[in-house]
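Reviewing the structure listed below.
No hydrogens, no waters, no symmetry mates; every other heavy atom, side chains included, goes into these values. Throughout, a chain's letter reflects where its sequence line sits, starting with A, and its residues are numbered from 1.
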2 protein chains.
Amino acid sequence: MGIKDIAALSGVSPATVSRTLRNPELVNKDTRKKVMKAVKESGYRPNRFGSSLRTRQSGNIVVVMPDITHQVNAGIIRAIESEAQKHGYSVLLGDTQGLIERERHYADMVNSGQADGILLFTPRLPFDVDPDQPLLKQLPPLVSGNETIPVEGLCRVSVNNTAGARAATEYLLSLGHRRIAAVLGASDAPSNQERLDGYHQAMDEAGLQVDPQWIVAGDYSTDSGMAAMEKLLKLRQRPTAVFCFNDDMAIGALNVLHQYGFAIPQDISVMGFDDIRYAALMRPALTTIHQPLEDIGRAAMQLLLEQLNGRQPKNNYVELPFELIVRQSTGPVPLQGESE
Amino acid sequence: MGIKDIAALSGVSPATVSRTLRNPELVNKDTRKKVMKAVKESGYRPNRFGSSLRTRQSGNIVVVMPDITHQVNAGIIRAIESEAQKHGYSVLLGDTQGLIERERHYADMVNSGQADGILLFTPRLPFDVDPDQPLLKQLPPLVSGNETIPVEGLCRVSVNNTAGARAATEYLLSLGHRRIAAVLGASDAPSNQERLDGYHQAMDEAGLQVDPQWIVAGDYSTDSGMAAMEKLLKLRQRPTAVFCFNDDMAIGALNVLHQYGFAIPQDISVMGFDDIRYAALMRPALTTIHQPLEDIGRAAMQLLLEQLNGRQPKNNYVELPFELIVRQSTGPVPLQGESE
DNA sequence: GCACAAGATGCAAACGTTTTCATACAGAGG
DNA sequence: CCTCTGTATGAAAACGTTTGCATCTTGTGC
């Protein structure tokens with residue numbers, strides 16, 4: 001059941017069969033019909049490897065993520081896959097489990113021709129590059145998402161983390177909060193630095209001095225959110241609002257606060273970032289910054305498709321809109337908070 | 001940079017290079033070293049397509065899931081991917097978004113040779129089969145997971161849903177509950193039927209009559225859990241405990257109960273199934289049945305590997321242990337509940 | 001010293017496509 | 001009637017591996 005059989009079946013040459021399937025406009029209408037008929041009847045599917053070997057195109061893309069188990073990543077990859085399939089590409093899953101060696105392993109797939117392009121949601125470029133050559137020329141079709149790698153000219157897509165964090169902080173300020181803590185994400189994540197910038201911008205513009213104790217380390221995990229909250233509660237001057245740089249940490253914070261008997265948001269306000277599905281289902285429901293996961297995934301894939309089709313996209317940075325979602329975990333600053 | 005170049009570089013034939021890479025034991029130690037050196041220095045990676053074309057092996061497996069966005073699926077696929085990579089396989093992601101046409105699309109990948117095997121987490125076999133022939137002979141290397149397709153001899157892996165649901169129900173019974181409602185999952189999911197069986201078994205054994213009104217339809221989504229809970233609250237004789245067939249629905253139920261001002265578990269107990277990450281983070285934390293996602297994924301992959309290596313696994317059904325996780329959403333039956 | 005086995009290696013033919021180049025034919029313009 | 005252009009097809013050469021078979025070498029037992 002190779003292309004030769006179809007050729008024989010329809011009385012033409014393999015070349016014509018191939019053309020019928022890939023460039024129908026090159027073949028006469030009647031011939032086309034004959035071939036199509038034979039294809040249908042035999043259920044012939046071109047062998048991908050024969051084709052790939054010849055064309056040097058795999059029809060695969062690989063998406064590299066630190067942990068597909070996180071809502072945010074799962075949502076994004078789902079959109080990617082949908083968009084990819086629409087354009088005839090299959091997606092190879094690359095969950096790095098946080099290991100750099102794995103990042104390299106997946107990067108290798110595109111080097112070895114197993115994938116035509118790569119979607120990177122990790123904060124590094126896992127490629128060996130010659131520092132003397134222009135970087136971009138050495139990279140395969142690639143787009144960086146979320147943890148956007150700041151390389152001039154690199155295709156990137158994400159929400160504006162800085163503006164998002166700033167909007168979050170400004171919202172807390174608008175509620176009257178002045179002592180606003182920030183729980184940071186993974187220290188090697190660009191998104192973390194960006195969000196921190198946004199926080200600082202808002203505080204600066206409000207003319208507020210930030211007590212360094214209000215800035216506490218985390219790593220985007222729920223546990224780190226809990227630990228951070230514990231630390232904040234021990235401060236002499238407790239913050240009246242806590243802005244966690246993602247929802248998981250905010251959920252951790254919520255739990256610690258409950259445990260210590262605090263009322264939210266009466267005693268203390270909590271904000272997240274991401275708007276994962278469970279944010280709305282918490283008690284109290286979490287105020288947060290929404291990320292349009294589907295749009296991110298789709299945009300990333302589209303940017304990659306441009307490159308795969310040989311066009312260098314005009315806009316190599318796609319910035320998607322975030323949205324402030326006000327729920328019940330934030331409220332006006334408590335009175336004693338003001339007066340203290 | 002083909003195999004020929006390496007051959008030239010190391011002064012041997014392409015055949016020997018190939019053997020060095022794939023069956024080192026066939027080649028003399030010294031030769032092996034020479035070749036390896038050339039490979040290292042040139043950074044040569046065998047072209048997968050040349051190889052695949054010849055061997056008819058893709059080195060890929062495809063995993064088909066209804067929605068990778070769900071914790072349970074994401075956790076499983078992560079384990080699969082890890083195990084697959086360990087054995088040199090790459091995984092193609094197949095998120096069906098619930099569409100049967102997509103299931104078929106992914107099934108086609110293994111038919112067209114793009115994947116060597118398939119891991120199915122959907123409740124259907126998306127293959128065209130000849131009903132006169134023995135079914136198993138017509139299927140590619142395949143294992144069915146979670147929504148286990150009940151075909152004699154098919155490789156399957158899952159927890160014992162029936163026993164799990166039964167344990168859940170028995171636990172509620174042990175707390176003194178008698179009016180125990182069940183919120184069902186997707187009606188076409190085998191897991192749903194199995195869990196329902198378990199529920200009935202426990203109720204029967206306790207000698208309790210099940211009021212049909214206590215059995216309410218759902219589809220494993222949070223929304224359906226909410227709707228179901230609303231329905232249950234409208235009953236003249238309200239249940240004192242609600243067993244939702246997954247955590248998402250239980251979380252929905254929890255939210256509705258909060259909304260109506262019920263105290264959990266004082267007024268009403270709620271149980272889930274799955275033990276997703278957020279179950280422990282709910283207020284109150286959700287009592288549930290734990291599924292060992294990692295083990296499920298690994299077992300499924302191992303079962304597939306057996307088949308890919310030409311061995312028919314001796315045990316074609318792997319049943320993994322569940323665990324009853326008691327948290328705060330369940331408690332003794334309220335007194336008025338007993339007396340009513 | 002000979003036959004034979006075993007161990008290494010090379011030759012060359014696949015595997016199933018795509019695509020360049022050449023050919024064939026038909027119609028148009030002179 | 002001849003040439004020219006354009007359209008439709010086919011022949012054949014890749015693409016990069018793997019592997020059956022043949023060959024050559026070396027060692028072993030008699």
Side-chain angles (χ1 to χ4, degrees), chain A residues 1-39 42-60 88 90 108-116 310, chain B residues 1-39 42-60 88 90 108-116 310:
Chain A
M1 59 262 22
I3 203 174
K4 282 184 198 164
D5 302 291
I6 304 302
L9 232 63
S10 46
V12 299
S13 73
T16 302
V17 176
S18 176
R19 279 189 279 254
T20 308
L21 264 24
R22 300 185 68 97
N23 303 87
E25 71 279 6
L26 289 183
V27 14
N28 181 286
K29 225 173 186 177
D30 297 341
T31 324
R32 216 187 295 173
K33 261 184 198 143
K34 272 192 305 188
V35 174
M36 280 315 201
K37 183 155 164 282
V39 169
S42 63
Y44 165 74
R45 328 262 316 148
N47 177 307
R48 193 107 185 217
F49 300 116
S51 167
S52 285
L53 181 57
R54 182 63 221 252
T55 60
R56 320 184 129 282
Q57 305 235 303
S58 65
N60 295 332
S90 304
D108 240 36
M109 288 188 159
V110 38
N111 286 330
S112 78
Q114 199 176 159
D116 301 336
Chain B
M1 58 283 359
I3 203 174
K4 282 185 199 161
D5 302 292
I6 304 301
L9 233 62
S10 45
V12 298
S13 73
T16 301
V17 176
S18 176
R19 278 190 279 253
T20 308
L21 263 25
R22 298 184 70 97
N23 303 88
E25 70 279 6
L26 289 184
V27 12
N28 181 287
K29 226 172 184 176
D30 297 342
T31 325
R32 217 187 295 173
K33 260 185 199 142
K34 272 192 306 190
V35 174
M36 281 314 202
K37 181 154 165 283
V39 168
S42 64
Y44 165 74
R45 326 265 314 149
N47 177 308
R48 193 105 185 218
F49 300 117
S51 168
S52 285
L53 180 57
R54 182 63 221 251
T55 60
R56 319 184 128 284
Q57 305 235 303
S58 65
N60 295 331
S90 304
D108 240 36
M109 288 188 159
V110 37
N111 286 331
S112 78
Q114 199 175 157
D116 301 335

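Atom NZ of A/K4 is separated from atom P of C/dG16 by 8 Å (rounded to the nearest Å). Between A/I3 atom CD1 and D/dC15 atom P the separation is 19 Å, expressed in whole Å. Distance B/L21 CG to D/dG16 P: 16 Å, rounded to the nearest Å. Regarding A/L53, its CG atom lies at a distance of 12 Å from the P atom of C/dG16, rounded to whole Å. Computed from coordinates, the A/K33 NZ to D/dA8 P distance equals 14 Å when rounded to whole Å. Separating the CG atom of B/D30 from the P atom of D/dT25 is a distance of 18 Å, rounded to the nearest angstrom. With rounding to whole Å, B/N47 atom CG is found 13 Å from C/dT17 atom C1'. What separates CZ of B/F49 from P of D/dC15 is a distance of 16 Å, to the nearest Å.
Partners of B/S58 according to the side-chain hydrogen bond (donor to acceptor under 3.5 Å, both in side chains) rule, which considers only residues two or more places apart in sequence or in another chain, are B/D116. Not counting sequence neighbours, the partners of B/R22 by the side chain to side chain contact (heavy atoms under 4.5 Å, CB included) test are B/S18, B/S51, B/T55. Take A/N23 and apply the side chain to side chain contact (heavy atoms under 4.5 Å, CB included) test, not counting sequence neighbours, and it matches A/E25, A/L26. Remark: B/S90 pairs with A/Q114 by the side-chain hydrogen bond (donor to acceptor under 3.5 Å, both in side chains) rule, at least two apart or across chains.
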Listed pairs under 3.5 Å, donor-acceptor, residues 4-17 of chain B side chains, sequence neighbours left out:
{"residue": "B/D5", "atom": "OD2", "partner": "B/M1", "partner atom": "N", "Å": "2.9"}
{"residue": "B/D5", "atom": "OD2", "partner": "B/G2", "partner atom": "N", "Å": "2.5"}
{"residue": "B/S10", "atom": "OG", "partner": "B/I6", "partner atom": "O", "Å": "2.6"}
{"residue": "B/S13", "atom": "OG", "partner": "B/A15", "partner atom": "N", "Å": "3.4"}
{"residue": "B/S13", "atom": "OG", "partner": "B/T16", "partner atom": "N", "Å": "3.3"}
{"residue": "B/S13", "atom": "OG", "partner": "B/T16", "partner atom": "OG1", "Å": "3.4"}

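Across all strands, B/T55 comes closer than 4.0 Å only to sugar-phosphate atoms, never to a base (heavy-atom distances).
Listed pair B/R22 / D/dT17 fails the phosphate criterion, with no side-chain N or O lying under 4.0 Å from OP1 or OP2.
The two atoms that bring B/L21 and B/Y44 nearest to each other are CD2-CE2, 3.7 Å, heavy atoms only.
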Q) Using a cut-off of 4.0 Å between protein heavy atoms and nucleotide atoms, how would you tag nucleotides 5-14 of chain C 5' to 3' with B, S and -? A) ---SBBB-BB

